[in-house]
Amino acid sequence: MDASLIRNFCIIAHIDHGKTTLSDRLLETTGALEKREMRDQVLDSMDLERERGITIKAHPVTMSYHAKDGKTYVLNLIDTPGHVDFAYEVSRSLAACEGAVLIVDAAQGVEAQTVANVHLATKQKLTLVPVINKIDLPNANIEEARRQLEEILAIPGESAVLASAKTGIGIVDILEAVIAHVPPPQATGEEALQALVFDSMFDTYRGVVTYVRLFAGAIQPGMMIQLMSSGAKFEVKDVGVFDPKPQKRDRLEAGDVGYVIANIKSTADVKIGETITDAKRPASKMLPGFQQVHPMVFSGIYPVNSADYEHLKAALGKLHLNDSAFMYQAESSVALGFGFRCGFLGLLHLEIVQERLRRQFDMDIIATYPSVVYHVLKTDGEILEVDNPVHLPDLSVVDHIEEPYVKAFIICPNEYIGDMMQLVMEKRGEMKKTDSIDSHRVMLTAEMPLNEIVVDFHDKIKSVTRGYGSLDYEHAGFREGDLIKLDILVNGEPVDAFSSIVHRTKAEARGRALALKLQEVIPQQMFQIAIQAAIGGKIIARETVKALSKNVTAKCYGGDISRKRKLWEKQKEGKKRMKQVGKVNIPQEAFISVLKSG
Amino acid sequence: MTKVEHLYVHVPFCAAKCNYCAFYSEAGSAEQMGAYVDGALAELSRYELQPRTIFFGGGTPSLLPATLMRRLLEKIPAGDVEEWTIECNPATVSTEKAKLFREFGVNRISMGVQALDDAMLEVLGRVHSEDSAVRSYEKLRAAGFENINLDLMFGLPGQTMAHWQETLRRAIALQPEHLSTYCLILEEDTEFWRLFQSGRIKPDAEQELAMYEAGIEMLSAAGYRQYEISNFAKPGRECAHNIAYWEGKDYLGIGPSACSTIGDRRWQNSAELTGWKPGRAEVISQELRASERAAFGMRMNAGVPGELVRGRWDQEIAELLSAELVQWRGDRLQPTRRGILFADEVAAEFL
């Protein structure tokens, strides 16, 4: 294959600006798929992802296109995960491309995720093909969209292709623009195989299917390959492309995008960003940019019924097979028994995993309050990474604690700027700058502690701005913070699952709010229940759940027996679904409400 | 058909609906009452019975006119009966009916006086007065009844502790053999439920507890032994029919909405004045019946024999023991005073 006839590109866009529709339309126009096959075949995504407007794993698609210049081009469309939690995976997908189609909604204009994605694409030195989409909408404002491209993103507005993926306007123009502007793959100067792993998935029948972009050399079945970072060697069984169904090929060459199947057992063995080379004749260096991804957000996941522990373990194992960024290891909690400490790229990632456990695996689980990773610098010079409040050492041996920060981009309508700034302040954020995007919107750039945004920041932005605000962020290192551990005691016993690490200035308010919330959700029992919030040994808040004085003392004769029995059965069932801490039964809602309270 | 030793007859007529009552009842014309008696007799004729206990409940059984009552009583197979109770409303007891009951062998009367205080009776929507309750009681005594129960209610809207204690005092003064004290329960399809929904009455759990305990104290001081959550009796006067329910014995219910449990089947008749039919039977396995025997048995102060619960509920019993809700006395597992207050918590453990 002549590399000059290959174009590797991706589509970047804010949520709902039309990425999925445009992908479908490109496939349809190039004849890769019939219209009605689209949804099932291409998206390959779960309901959960569709509900949340994100696709995490979609495989690359190879299309064949007869261009106006008479030549037939191979267009490889590489999907990128649509959320900042997956920023590293996005950056590896972008690294597999030479260009990116940037979609801006003609009615919505530039949004926070547009900005963050353009930052990433520019860092990867990709050629951008701007597209103003949804021009058929009655409230489309093309001129405004052009102006925003220029002023906010420094992209010439006049170069934008006008399109409506929904009605099919401009699709051919987009394909022609990709061919005209996105450069063909360039030689790296290496002769030996260099293939970038930008994603992988686990297939029950075929094992790990690795998605690769070849930068140099060739790969074919029977060949021994080596992963340059881990050193592991494997024999190639199959190579091919997705058109969009998997099609075996004899070989893949420099410039190609496709899949490799080797005898790899778990996606964890072939990390995203790895370089695959020829084991016999290895390349002199790795492709740039490989990183070990480190989970940023941690939460304990426990089965509601301790008997389900093995079942949960099996389910987590299955999820990990297909999502190597998700980590888990066994831990135990005084309150919750045996479970797992799980690491996630971000809060959305956490929610997705939890939802999958509930829906796909039908697991009843309790998740603890999410925590970020703290760097704890001890007085003896030791540095600990602490992702679970339980493991925070006594503050007398701690010199200081550092917490992860992010640079957050928030776009909101002008009238909410005051409320937005106040929200940022409440979340210990520091405003860096304010840019006006158009006559009615501004972009706030702020530096904020990650632990302030993992729980409810996004929801708060939506509520403060009546749904019009948008958020994206990038990681911005660690900073010292005045952090302490907040404990919750139930009848004098600390409940480890309710502990959290919080900023000193937030501790009291949070302690009070938590105690009050728990008092509402813990049902009356046969004895009084004291709920206390404490810092160190000091109690800062106390609420009491009054003792139940008695059950109903009622008539109970022949006609009441079945009804009464069913009532008791229900009562016992309800009790089983609660966690027992000491003598106190704590319902699942208590754990959830702690999770929800910022 | 197995020999059923416990017979219940539901008489679904009431002069008026009380504000707390969700039982099935109708005002009933003379014609409807006649049709009902025909239906009950037809249903009875399908069974061969030799009951040891009989209970006529309602509704208001005493509301049936004497001629109809006679037709019904004649056909009750009461040859072996040891205890035969008829529920009476104080307003509908006449000397004539009392004599009629005696004639057929009825030996126990349960009278729903509920309160002995006209203000409270009005709150309840009862058709009788305190005065009529006392007069009815005397009529029954005069007719020769030596075993009378009075039902009393506490936790009523507007009822104070002083009201309740006065009601208890007056009831004790009458010297019935048996007393039942019931806490008001708000049930759907009652007038009280509507008042509760609209926020006009508000149950007070602390007050209910205090009243319940005051009842236990006063009745026990007056020589009444508590033998079940709501029931108190002079020694030997416990209600054998109700104990049969709690011990999980088979029973047959005749009449609209009546419930029966025989062998592994339990069913309830439809709630229609004429042409009532048995509803679809619920299958009660041996295991489930054992659970029920334990759960309902533990509502009685005497508890249950150890052989019923040992082996199957050892862990649950250990927990209940440590929570001081139950205790062993000899070979019987019994609820403690606290276990009586938290009977639902105790019962749930055996399911």
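Numbers restart at 1 for each chain; the letters A, B, ... are given by sequence-line order, proteins then strands. From a predicted model like this one, the values you see are computed outputs, not experimental measurements.
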If I measure from the heavy atoms of chain B, does A/Gln571 come under 4.5 Å with its side chain, its backbone, both, or neither? side chain
Contacting moiety of B/Leu209, where chain A heavy atoms sit under 4.5 Å: both
Going by atom types alone, do B/Ser270 and B/Glu272 pair a side-chain donor with an acceptor below 3.5 Å? yes
Does a side-chain N-to-carboxylate-O contact under 4.0 Å join A/Lys517 and A/Glu520? yes
Determine the option with the most heavy-atom pairs under 4.5 angstrom with chain A, choosing from B/Glu228, B/Glu345, B/Glu349. B/Glu345
Looking at A/Gly558, A/Cys556, A/Ser562, which one has more heavy-atom pairs under 4.5 Å with chain B than the rest? A/Gly558
For a quick check under 3.5 Å, do B/Tyr251 and B/Glu5 share a side-chain donor-acceptor pair by atom type? no
According to the interplanar angle, ranging from 0 to 90°, do the rings of B/His241 and B/His6 count as parallel (below 30°), tilted (30 to 60°) or perpendicular (above 60°)? perpendicular
Proximity breakdown for A/Lys575 and chain B, heavy-atom pairs closer than 4.5 Å: side chain
Under a 4.5 Å heavy-atom cut-off, does chain A meet the side chain of B/Leu325, its backbone, both or neither? side chain
Just give me the residue among B/Phe55, B/Tyr8, B/Trp246 that pairs up with chain A most often, heavy atom to heavy atom, under 4.5 Å. B/Trp246
Ranking B/Ser291, B/Ser257, B/Ala347 by heavy-atom pairs under 4.5 Å to chain A gives rank one to B/Ala347
Could you check whether B/Phe296 and A/Trp568 have their ring centres less than 6.0 Å apart? yes
Run the salt-bridge test on B/Asp344 and A/Lys572 with the 4.0 Å N-O cut-off and return the result as yes or no. no
For A/Leu567, which atoms come within 4.5 Å of any heavy atom of chain B: side chain, backbone, both, or neither? neither
More than 12 heavy atoms of other residues, nucleotides or ligands under 6.0 Å from CD of B/Glu324: yes or no? no
For B/Gln268, is it the side chain, the backbone, both, or neither that has a heavy atom closer than 4.5 Å to a heavy atom of chain A? neither
Decide whether A/Glu331 and A/Asn388 meet the rule of one side-chain donor and one side-chain acceptor closer than 3.5 Å. yes
Could you tell me which portion of B/Glu213 (side chain, backbone, both or neither) has an atom closer than 4.5 angstrom to a non-hydrogen atom of chain A? neither
Who among A/Glu573, A/Met526, A/Lys546 has the most heavy-atom pairs with chain B under 4.5 Å? A/Met526
